[in-house]
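Remarks on the structure that follows.
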Amino acid sequence: MKRYKILCMIFLFFIFVSLHALNLESFRHQSTYIIDDALDLAIDGTDIYEVEGGRIFTNLSNLSTGTEKLMGDVRDNSFVIGCVTPELFGLKGALLWGTRKALYSQILELDLDGDGFTDFRESGFVSGTWIRQWDANADDSLDFTDSRYAEASAENSNLESDILINIAKKIGKGTTALTYRRMTEKIIYDYYDSKSSRINDFNTGVLQEQSREDSMIAKNHDENTHNFTVSYEMPFKDLKLRSSIYLKNYNVYNTWSERYSYDENLAPEDSAITDRRRIHLGNRDYEEYTPNNKGLCFRLRNTDSEILWEAYGDIGIYDGYGYYGDDSYERLIIDTTTIAGNVSKYSEWIQDNDRVYRTSISGYRTGIGGKMEWQLSDNVIFGVGLEYQSDKLTREYDLDYTNSSTTIYDDGDSEIDDMDDYQIINTSGYIYTRTIESRSDLITAPVGLEINIGKNKDWFIRFGARAYKNNINDKEIKDINEVIRETTTIIYGESDTTVTYQDIEFSSTESEHYTEVQKNAFAYGLGWKPSENLSIDFLGMFDLADTEVFSSNWFRSLKLSAVVSFQ
């Protein structure tokens with residue numbers, strides 16, 4: 001009873017923790033493409049009852065990406081833990097949890113003197129100062145000094161989490177199961193730099209010139225996925241029939257923003273002269289989409305221990321919505337005042353762009369397949385399968401685009417709002433519908449073999465091959481709904497205004513693209529069961545070229561998966 005209480009406490013603890021995207025496929029299945037192991041059965045609804053006793057999964061199980069090499073010190077810095085419980089109070093459950101947080105500092109370089117070579121180089125944050133002094137008239141006294149300062153910072157963080165819970169219970173002659181999986185990912189990238197320059201006249205003590213330049217880039221990615229499956233399996237004559245309902249919900253939100261500013265003043269301390277240039281640029285993109293996939297699955301399988309076969313299929317629909325938008329602005333200001341006649345010239349140019357997409361998602365998916373596992377002898381298992389899946393996804397985008405620009409000019413002749421001074425305002429835009437239809441037809445044919453060898457029958461040799469063919473057809477249709485003709489308004493002086501129009505022609509277009517991909521993949525692996533409570537699987541034993549078997553490099557290349565079992 002005490003053992004059961006401990007297992008329940010572990011299980012309840014994991015329920016309240018969120019997690020990282022896991023590679024939930026056993027090494028046995030990866031090396032044969034078709035033969036399942038305890039992990040594959042434990043996460044597949046009602047099949048969890050085919051796992052005898054319990055299992056414990058840790059970082060040694062290599063479930064995060066499946067690419068970690070224990071002896072080669074190759075890791076993905078994930079934390080993974082999980083378990084399959086024995087039957088408790090009529091329930092059998094599995095829980096797998098993992099998380100990964102990575103913080104990367106970007107290598108930054110500064111070239112302050114402009115000679116094309118790096119003056120400062122650091123990771124994450126870098127700053128530096130460069131000073132040049134010179135004697136302009138060769139009188140052996142310091143005339144000018146040019147000082148420059150720059151700094152930059154860049155950081156990238158990635159947080160991923162994944163949790164899977166599968167709970168099953170036998171009800172009468174049947175079995176029901178509830179499977180839930182949640183995956184989250186958050187990526188943040190921040191970049192900033194700033195540069196400033198000053199030139200001083202030591203003869204007069206006057207600041208001759210100064211400038212400042214700043215830029216910033218920020219990117220954010222948030223993704224959440226929720227998968228729900230309810231399944232029920234019952235006897236059907238001499239077979240077993242399982243039906244399932246599934247719902248997959250995705251939510252993705254992305255933002256990008258960039259800003260740039262430049263301010264140059266060539267007469268910062270002279271009240272009679274103005275010579276200044278300012279530039280401001282900005283851009284912001286954002287998108288959010290929430291596609292859903294829901295449907296029904298069925299599976300029919302036999303109960304023969306020598307030849308196990310099953311046939312399965314599913315049918316589902318896609319729906320959802322989303323939007324995408326971007327807006328940008330540009331502003332250039334030139335302000336000049338000369339000493340002679342105190343003539344002041346001023347010009348300003350402003351441009352704004354705004355686009356908004358509204359997206360709807362629809363489609364369907366169908367699939368059918370089957371597989372067979374044949375116990376050829378006491379120590380040989382042969383598996384073969386065939387599967388067909390068809391997906392069609394339609395995305396419709398309604399786009400509103402507007403563009404506006406403004407130019408302001410003052411010639412500085414001291415005649416306020418005369419005909420030489422003007423404003424130019426330009427506007428245009430369009431509205432169109434864009435439809436993208438994607439059709440995918442995928443055929444997969446896996447075949448695998450497992451041979452049990454050794455004096456104690458505790459070693460397993462595994463081979464697998466998988467052929468697949470995928471036909472992809474993409475069709476894009478663009479329909480122009482409305483065109484906002486280009487309008488130019490010119491205002492001279494105070495009130496003299498002229499308006500001109502220019503018709504813009506946009507044509508509806510239709511394009512189609514077809515791709516056919518056909519590939520074969522091969523895999524192999526080893527399994528070792530040194531005791532009743534420990535299984536060790538190997539992948540990638542011969543991945544390194546020109547490496548002798550059982551050499552140090554051979555051992556370092558091994559990918560291991562260790563799973564502890566208990567009753």
Side-chain angles (χ1 to χ4, degrees), residues 13-25 43 57-59 61-68 74-82 95-108 123-125 152-166 179-193 215-229 246-259 282-294 318-327 356-359 361 393 395:
F13 168 77
F14 285 124
I15 289 179
F16 296 98
V17 188
S18 55
L19 98 68
H20 156 73
L22 298 168
N23 179 37
L24 297 183
E25 186 180 14
I43 65 175
F57 301 96
T58 66
N59 271 61
S61 303
N62 209 344
L63 298 182
S64 51
T65 60
T67 60
E68 294 184 312
V74 176
R75 54 196 180 277
D76 58 16
N77 299 316
S78 300
F79 175 74
V80 177
I81 195 168
L95 186 142
L96 291 159
W97 173 79
T99 184
R100 181 169 72 97
K101 183 176 182 179
L103 183 64
Y104 307 97
S105 295
Q106 182 176 323
I107 299 298
L108 301 166
S123 174
F125 176 82
S153 64
E155 192 173 78
N156 187 14
S157 63
N158 187 354
L159 175 62
E160 299 176 358
S161 64
D162 192 340
I163 186 167
L164 184 141
I165 302 173
N166 184 29
T179 309
Y180 169 69
R181 185 176 186 182
R182 182 173 78 101
M183 294 173 285
T184 64
E185 182 180 44
K186 185 177 182 64
I187 301 174
I188 299 175
Y189 174 76
D190 289 309
Y191 174 84
Y192 165 78
D193 68 43
S215 61
M216 183 204 74
I217 301 174
K219 300 179 181 180
N220 290 274
H221 169 79
D222 282 291
E223 181 175 348
N224 292 277
T225 304
H226 300 272
N227 297 341
F228 299 89
T229 304
Y246 65 87
L247 169 64
K248 298 180 181 180
N249 172 260
Y250 306 87
N251 186 271
V252 180
Y253 183 70
N254 296 315
T255 60
W256 306 266
S257 62
E258 298 182 35
R259 289 197 311 231
N283 183 70
R284 183 175 69 101
D285 294 1
Y286 54 92
E287 68 174 347
E288 181 177 7
Y289 51 95
T290 307
N292 301 306
N293 178 215
K294 46 198 171 188
Y318 296 101
D319 59 36
Y321 70 92
Y323 66 85
Y324 168 81
D326 67 71
D327 52 70
V356 178
Y357 290 95
R358 286 173 291 275
T359 309
I361 302 169
L393 186 64
R395 291 162 290 172

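Atom set for the values below is all heavy atoms of this structure, side chains included, hydrogens, waters and symmetry mates excluded.
Side chains of K248 and T225 form no contact here, defined as non-hydrogen atoms less than 4.5 Å apart. The shortest distance between side-chain heavy atoms of Y323 and Y286 falls below 4.5 Å. Residues V80 and L96 have side chains not in contact (no heavy-atom distance under 4.5 Å, counting atoms from C-beta outward). For the pair W256 and E287, the minimum side-chain heavy-atom distance is below 4.5 Å.
In this structure Y321 satisfies the ring-ring contact (aromatic ring centres under 6.0 Å, His included) test with no other residue, sequence neighbours excluded. E155 is linked by a side-chain hydrogen bond (donor to acceptor under 3.5 Å, both in side chains) to nothing, counting only residues two or more places apart in sequence or in another chain. Evaluation of the salt bridge (charged side-chain N to carboxylate O under 4.0 Å, His left out) rule for R259 yields no partner, not counting sequence neighbours. For T179, the side-chain hydrogen bond (donor to acceptor under 3.5 Å, both in side chains) criterion is met by N166, not counting sequence neighbours. Scored by the salt bridge (charged side-chain N to carboxylate O under 4.0 Å, His left out) test, D319 finds K294 as partners (sequence neighbours excluded).
Separation of atoms NE2 (H226) and CG (N292) is listed at 11.0 Å; rounding is to 0.5 Å. One distance of note links CD1 of I43 with CZ of R181; it measures 7.0 Å at 0.5 Å rounding. The CG atom of N293 sits 9.0 Å away from atom CG of N227, with the distance rounded to the nearest 0.5 Å. Between the CG atom in N251 and the OG1 atom in T184 there is a gap of 12.0 Å [rounded to 0.5 Å]. I163 contributes atom CD1, which lies 4.5 Å from atom CD1 of I165 (distance to the nearest 0.5 angstrom).
Side-chain contact, N283 with D285: a donor N or O sits under 3.5 Å from an acceptor N or O. Inspection of the Y253 and E288 side chains reveals no N or O donor paired with an N or O acceptor under 3.5 Å.
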Side chains of residues 215-224: which donor-acceptor pairs under 3.5 Å do they make with residues two or more places apart or in other chains?
| from | atom 1 | to | atom 2 | distance (Å) |
| --- | --- | --- | --- | --- |
| S215 | OG | D193 | OD1 | 2.6 |
| S215 | OG | D193 | OD2 | 2.9 |
| H221 | ND1 | N254 | OD1 | 2.5 |
| H221 | NE2 | E223 | OE1 | 3.2 |
| D222 | OD1 | K186 | NZ | 3.1 |
| D222 | OD2 | K186 | NZ | 3.2 |

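Residues L108 and A152 approach most closely at CD1-O, 3.4 Å, considering heavy atoms. Between L103 and S157, the closest heavy-atom pair is CD1-CB, 3.7 Å.
Between Y180 and F228, the two ring planes are tilted [angle within 30° to 60°].
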